[in-house]
Amino acid sequence: MNKTILTLLVAATLWGYGDGEMYWAPHGCDEGTVTASKHGGHGKGESAMFALMNMKENTSTHLILPDLSKQPLTFKLNTVMLPKPKMGGYYAMVAEGNNTDGVYSAIRYLSLQGRPSKVSPTKLTSLPKVALEIVPTPLHREHDRYTASKSYTFILSFMNKPLNNTMVTLETFNTPAQSYTTNDKGVFTITLPDDFKNVQIGRSENKPSEFLLSAQHRDGAILFKSTLSMPYSLNPNDYWQSQSYGAGAIFIGFLVGLFFYRRHKNQGVSRG
Amino acid sequence: MDKLLTVTALRRVIQLTAFVFFVYGATIFATFYTNDKLTQNLPALSCAYDMKGGDFCALIPLQHQMDHRVSGIFTQNAKVMEALIGTLITLGTFAILILLLNKAFCGWLCPLGFFQETISMIGTKLGITQMGSFSRETINKIRPIKWFIFLFLVLILPLLTGIGFLGHEWGNPFCSICPSRIMTTTMTGDMSQVYISQANWGYFALSLIADLLFGLMVALALFVRQPFCRICPMLPMQTLFKKIGLLRLVKNGNSHCDTCSSCVKACPMDIYEIQNQAENKNITHTDCTLCGRCVEFCPHDGVMNFKYGPFTILSSSKESFKKRTKIDKWWKG
C-alpha cells in the first residue's frame, strides 16, 4: 500500500518531465532511487541498468567504450543492462530510432571504474554518435560531477557541424523547462538549478537528481530530435558550506600572521 | 640587462612558466580531463582540484590509494600485490621524475613555492622588515612537522579511513588542508574551495585549518622565506628517492667554510648543515629545494656546485658572488 502511494506521489511529482522525449534514465531513477555516490566520478554510484523512456519503434542501442570501440546492447522491454566494465573511464550510451514523425536519439555518459583506457575522454565526446547531438564541452572531469548552481557549456551539432540559432530545452525533476538558444558556433551555456528538496547535511546523504537537455532540427522533410540526460548533485556551498565564513577564516589566519610580524618587528630582528 | 643574467632570474622565468602550465595548462596545453594530465604524480604542489591545471601532485593519488586500495589488504583480504600496484606505479613515476630533476621540482617548478616567493618579493618591495634565518633550535623544532604531516595526513589517516576506523572526511586529509588547493583554484577564478563546512566535526576542523593556514601562509610569506615549504610533506617523499637524483648539490669545501656562513644566510630553508666542511660530497639535504641561492652567494671558487650526473652545471665563484650581492642590495633598496 505504502509503495503504491509512494509511486503515485512520485509520478505526480515527475508529471511533465521529459514529456514525449526519448531519453535515458537509470532504472528506478524516476523514483530518485539512484544510489548517492560518495565518490563523484568514480562510478561507484552508477546504476548498471538503464531505461530508455518514451522509446520509439526501430530503436537500436549501443555502448561506446572509453577506447572508442562499440558494443551492442540489447533491450529487454525498454531497459538495458550494462556489461561489467572492462576498462575505466567515460562510456557513452547511444540510442537511435525513427518513426514516421522523424529520427530520435538519446545519449548518456557514464564514468565507470576499471583499468585505464589510455584514451582521452575528449575523443569520446567529439566522436560523432548520432545525426543531431548535444555535446558537452567539456563533460565534467572524472573526479567531478555536474553540480547545481554551476554553469556548463555544450555544443549542438548536426551531421558533426555546429548548429546555430537553435533552441535547446533544459528540464529537471523540480524545475520546469527553460529554453536556451545556440550562438553562431552552436554553443549554449546552462546553469543547473538548485532545486533539491529535503536536503540532508552531507553530500553522500543526498541522492543526485537528473537533468535533461533536448533539441530538435528539421532537415528537409525529416525532423531530428535528440536528448542528453545526466545526473547532477547539489552544491554543498548552497547548504552546509559557508564561503563567507571561509573567507573570514582566511582573514583571521592573515591577522595571526600579522601578529607574528609585529612581534618579530618589535624584537628588532632583521635579515641581512 | 646584466642584472637579469643570474640563476635566480632564470629560476623566476622557469617558475613563472611552470606556474602558467600547472595552474592554467588545461586551457592551453593539455585538456581538462584527469586522464590527460602530464604525469598525475608531480613532485610539486600543483592541485587536482584546479580544473584548469596541467598536472597534479603525487600526494592525492597516494592518499586515495591508501584509502581505497591498500586498506583492502585489511578489510577485503585483497592480494597484497593487487592492493599495492597503484601505489607502486605512483612511487615508480615519482622516482623517475626525481631521477630527472630531484628536488628542483620544489625550487624551480612548484606553483605554491613560486606563489610564496612572489609574496615575499612584494613584501620586500613594500618595505616590510624581512626576517633573517631562524635559529637552529627553531629549525630543529619545525623540521619534524613535515614528517608528521606525511606519515599521518598522507598515509596513516587515509589508510584508517579505508579500513573503516574514520569517517570519509579523513580520506584525503592533506588535500583538505593544503594551501595549494585554495591558491590554485582561486587563481583560476574558482572560489568554491574557500569554505567552512558544517557537515560534521571532521569536515569543520579540516576546512577551518585549511582557511586559517592559507591566510597565515600569505601573511608569513610577506616577511618569512618559504613558510609553508618548511612543513610540506612533499619534502619527505622526495627524500625517499633523493639519492637517485641526477641533479644534486655538491660541496667541495675548504677551511673558509667554518667562518663564512654566506650559504646559510642565502638558504631560504635555513639549512645550517650546508656550511659544514665537505669534500666533493653530495649535500642535498631533506629540506633543500635546489634553488641554487647557496651556489650564487658562495664567495669561494668551486666550493658549491650544481651537478647533473658527472657534469658540473653551475659552480660558485668570487665574480658571481660580487655580482649577486650587488643585485641583492639593489633589489632590497
Side-chain angles (χ1 to χ4, degrees), chain A residues 38-39 41-42 44 66 88-90 113 116-123 125 137-144 147 149-150 200-205 235-237 239-261 264-265 267-272, chain B residues 26 30-36 40 48-49 51 56 60 64 67-68 89 123-124 128-134 167-169 171 179 182 186 190-200 203-204 207-225 227 265 328 332:
Chain A
K38 290 190 176 186
H39 307 275
H42 283 263
K44 283 189 176 176
Y90 275 116
Q113 274 187 319
S117 66
K118 296 178 185 170
V119 179
S120 172
T122 43
K123 291 188 177 166
T125 50
T137 54
L139 182 56
H140 67 75
R141 216 162 85 169
E142 294 94 319
H143 291 78
D144 199 9
T147 305
S149 308
K150 285 191 175 180
Q200 307 289 312
I201 290 178
R203 193 170 230 169
S204 55
E205 303 303 317
N235 191 335
N237 286 342
Y239 296 94
W240 60 88
Q241 288 183 177
S242 166
Q243 291 192 276
S244 48
Y245 286 176
I250 289 176
F251 184 65
I252 291 169
F254 188 81
L255 290 181
V256 172
L258 291 187
F259 166 76
F260 283 127
Y261 173 68
H264 142 73
K265 207 177 169 190
Q267 285 170 350
V269 182
S270 64
R271 190 160 79 192
Chain B
T31 76
F32 176 75
Y33 296 103
T34 308
N35 271 356
D36 298 331
Q40 306 180 44
Y49 288 75
M51 298 298 165
F56 54 81
I60 188 163
H64 279 230
D67 183 2
H68 303 308
I89 290 170
T124 306
I128 293 172
T129 313
Q130 298 294 301
M131 186 180 244
S133 303
F134 282 110
H168 181 64
E169 65 274 25
I182 296 177
T186 305
D190 173 12
M191 301 301 289
S192 64
Q193 296 301 319
V194 178
Y195 62 81
I196 294 287
S197 175
Q198 294 153 52
N200 65 30
Y203 279 117
F204 173 75
S207 59
L208 182 64
I209 291 169
D211 295 331
L212 290 173
L213 190 61
F214 181 75
L216 182 65
M217 183 198 75
V218 171
L220 289 180
L222 288 166
F223 66 103
V224 176
R225 295 178 290 180
K265 284 178 195 158
D328 209 43
K332 288 174 182 169

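Just so it is clear, the model here is predicted, and its values are computed rather than measured. Numbered from 1 within each chain, the chains take letters A, B, ... in sequence-line order.
Contacts of Ala210(B) with chain A are absent, with no heavy-atom separation under 4.5 Å from either backbone or side chain. Within the 4.5 angstrom heavy-atom criterion, atoms from both the backbone and the side chain of Asn35(B) approach chain A. For a residue to count as touching a neighbouring chain, one of its non-hydrogen atoms must lie under 4.5 Å from one of that chain's; by this rule Met191(B) touches chain A with backbone and side chain alike. Looking at Pro116(A), there are no atoms closer than 4.5 Å to chain B (heavy atoms on both sides), in backbone or side chain. Of the two parts of Leu139(A), the backbone and the side chain both hold a non-hydrogen atom closer than 4.5 Å to a non-hydrogen atom of chain B. With a 4.5 angstrom heavy-atom cutoff, Thr125(A) touches chain B only via side-chain atoms. Heavy atoms of Ile250(A) lying under 4.5 Å from chain B belong to its backbone as well as its side chain. For chain B, no part of Phe251(A) is nearby; none of its heavy atoms comes within less than 4.5 Å. Interface remark: Ile128(B) contributes backbone and side-chain atoms alike to the contact with chain A (heavy atom separation under 4.5 Å). Neither the backbone nor the side chain of Tyr239(A) has a heavy atom closer than 4.5 Å to any heavy atom of chain B. Neither the backbone nor the side chain of Pro236(A) comes within contact range of chain B; no heavy atoms are under 4.5 Å apart. For chain A, the nearby parts of Ser192(B) are the backbone and the side chain; heavy atoms of each come within less than 4.5 Å.
Atom NZ of Lys150(A) and atom CG of Asp144(A) lie 5.5 Å apart (nearest 0.5 Å). Considering CG of Asp328(B) and OG1 of Thr124(B), their distance stands at 9.0 Å, rounded to 0.5 Å.
Within 6.0 Å of the OH atom in Tyr245(A), the count of heavy atoms belonging to other residues, nucleotides or ligands does not exceed 12.
Summarising the geometry of Asp211(B) relative to Ala249(A), their closest heavy-atom pair is CB-CB, 3.5 Å, with the distance given to 0.1 Å. Minimum interatomic distance between Pro179(B) and Phe214(B) (heavy atoms only, all atoms of both residues): O-CD1, 3.7 Å. A pairwise comparison of heavy atoms in His140(A) and Phe32(B) identifies C-CE2, 3.8 Å as the closest pair.
With Thr129(B) contributing its side chain and Lys265(A) its backbone, the two residues share no donor-acceptor pair below 3.5 Å.
In terms of non-hydrogen atom pairs under 4.5 Å with chain A, the most contact-rich of Leu213(B), Asp36(B), Leu220(B) is Asp36(B).
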Open item on the list: Could you walk me through whether His168(B) and Tyr203(B) satisfy the side-chain hydrogen bond (donor to acceptor under 3.5 Å, both in side chains) test, starting with their C-alpha distance in whole Å, then the side-chain angles of each, then the deciding distance to 0.1 Å, before giving a yes or no?
Closed with: CA-CA 9 Å; His168(B) 181 64; Tyr203(B) 279 117; 4.7 Å; no
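The aromatic rings of His264(A) and Tyr261(A) lie tilted to each other, with the angle between the two planes from 30° to 60°.
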